[in-house]
Amino acid sequence: MASKPTHLEPSELGTREYWDNLYTKELTNHAHDPSDTGTVWFDDSDAEAKVIEFLEDFAPEEAGGLLPPGAKGAASFLDLGTGNGSLLFGLRDAGWRGRMLGVDYSRRSVEFARRIARSRSTTTATTGAEAEEEEEEEGKEKDTEPEDVEFLEHDILLTPPSALLSGAQSRGWDVVLDKGTFDAVSLSSETDPARGGRRVGESYRARILPLVRGGGGLFLVTSCNWTEEELRGWFVGGGADEQEEDEEARAWKFEEVGKVEYPSFSFGGVKGQTISTLCFRKVRNPRS
Ligand SMILES: C[S@@+](CC[C@H](N)C(=O)[O-])C[C@H]1O[C@@H](n2cnc3c(N)ncnc32)[C@H](O)[C@@H]1O
């Protein structure tokens with residue numbers, strides 16, 4: 001079993017203040033120029049497009065049913081530490097039509113993502129109205145879908161996961177996404193007194209596991225701070241902590257079902273890549 005990796009040196013990227021300041025700046029930029037929708041993390045590696053492309057392959061028509069039948073119309077998405085919501089908007093644009101919720105602990109991020117959602121729906125409504133006119137002229141059916149990506153302020157480590165599990169998602173989300181958020185959490189210097197003063201990042205897996213639908217839901221994590229092997233250590237390996245986790249965390253586990261391929265480099269005889277995306281499926285833990 002992969003063992004848990006050692007910790008990262010804490011940095012300001014592990015503080016809420018850093019993210020609030022960043023999104024405050026991005027809100028101002030967006031107010032001046034609505035086409036400026038802020039930072040796309042890991043853009044150099046084209047991570048967002050690659051994650052979207054990867055998920056296409058999990059649609060059941062192509063890949064043996066890892067997502068529910070008719071996945072593109074039905075699969076629900078939860079984006080953890082959503083930032084400007086760019087990944088969810090990208091998925092919408094790629095034709096995924098199920099419920100989408102982006103959460104972030106920065107109030108300014110949520111404000112920013114909602115503002116972008118509103119400006120997208122205005123654009124859609126305008127182009128939709130234009131298209132409607134054109135279609136009516138041509139005698140075709142109209143198609144004016146509203147933009148319906150939801151955003152919510154939520155601290156993954158402090159707010160109970162149950163706050164995100166209601167209605168159709170009471171048994172979890174079909175796809176839970178994390179692009180750069182576990183990285184940020186891992187840079188927090190905060191410790192948890194209830195867990196013997198351990199770094200808060202250590203409880204991340206236990207916090208997110210209930211959010212993924214048991215028996216098939218997917219969790220995709222993209223990181224620039226951890227290698228693939230280290231991510232396996234955090235999310236598949238349990239190590240000594242497993243005994244301390246709650247019932248849910250013992251009854252289910254993550255198994256790796258795929259990864260996104262990125263260009264690799266060689267340095268001093270060692271092969272590596274600048275970014276990693278692993279995809280896990282939540283399955284029953286036979287040891288429970
Ligand atoms: C590197 S950014 C990535 C943003 C977005 N996922 C993207 O790819 O563009 C990390 C995000 O995680 C959020 N974050 C960090 N710790 C969090 C926590 N405990 N709960 C919720 N969000 C958190 C930050 O506010 C920030 O938006």
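In what follows, residues are counted from 1 in the order of the sequence shown. Just so you know, ligand 1 is whichever comes first in the structure, and atom 1 is the first atom listed for that ligand.
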Any donor and acceptor pair, going by atom type alone, linking the side chain of Tyr105 with main-chain N or O of Arg16 inside 3.5 Å? yes
Nearest protein heavy atom to atom 20 (N) of ligand 1, by residue and atom, and its distance? Ile156 N, 3.0 Å
Contact atoms of ligand 1, heavy-atom distance to Val185 under 4.0 Å: 16 (N)
So does Arg108 pair up with Asp20, basic N to acidic O under 4.0 Å? no
Decide if the gap between the ring center of Trp234 and the ring center of Phe182 is smaller than 6.0 angstrom. yes
What protein heavy atom is closest to atom 10 (C) of ligand 1, reported as residue, atom name and distance in Å? Gly180 O, 3.7 Å
For atom 5 (C) of ligand 1, closest protein heavy-atom neighbour: Gly81 O, 3.3 Å
Ligand 1 to Tyr23 polar contact by distance, N or O atoms, under 3.5 Å: yes
If you scan protein heavy atoms around atom 8 (O) of ligand 1, the nearest is Lys179 NZ, 2.8 Å
Closest to atom 9 (O) of ligand 1 among protein heavy atoms sits Trp41 CD1, 3.0 Å
Do Thr277 and Leu220 come within less than 4.5 Å of each other through their side chains, counting heavy atoms only? yes
Relative to each other, are the rings of Phe219 and Phe280 parallel, tilted or perpendicular (30° and 60° limits)? parallel
Nearest non-hydrogen atom to atom 2 (S) of ligand 1 belongs to which of Phe42, Tyr18, Trp19? Trp19
For atom 25 (O) of ligand 1, what is the closest protein heavy atom, and at what distance to 0.1 Å? Asp104 OD1, 2.6 Å
Determine whether Glu230 and Ser276 make a side-chain contact, defined as any pair of heavy atoms from C-beta on separated by less than 4.5 Å. no
Within a distance under 4.0 Å of any heavy atom of Asp155, pick out the atoms of ligand 1 and give their elements. 18 (C), 19 (N), 20 (N)
Look at the rings of Phe112 and Tyr23 and say which category their plane angle falls in: under 30° parallel, 30 to 60° tilted, over 60° perpendicular. tilted
Nearest protein heavy atom with distance in Å, relative to atom 16 (N) of ligand 1: Tyr105 CZ, 3.3 Å
Pair Glu229 + Arg232, salt bridge at N-O below 4.0 Å: yes
Just heavy atoms, cut-off under 4.0 Å: does Leu87 contact ligand 1 by side chain, backbone, both, or neither? neither
Enumerate the atoms of ligand 1 whose separation from the nearest heavy atom of His154 is less than 4.0 angstrom. 20 (N), 21 (C)
Any sub-3.5 Å donor-acceptor pair from Thr15's side-chain atoms to Tyr18's backbone N or O? yes
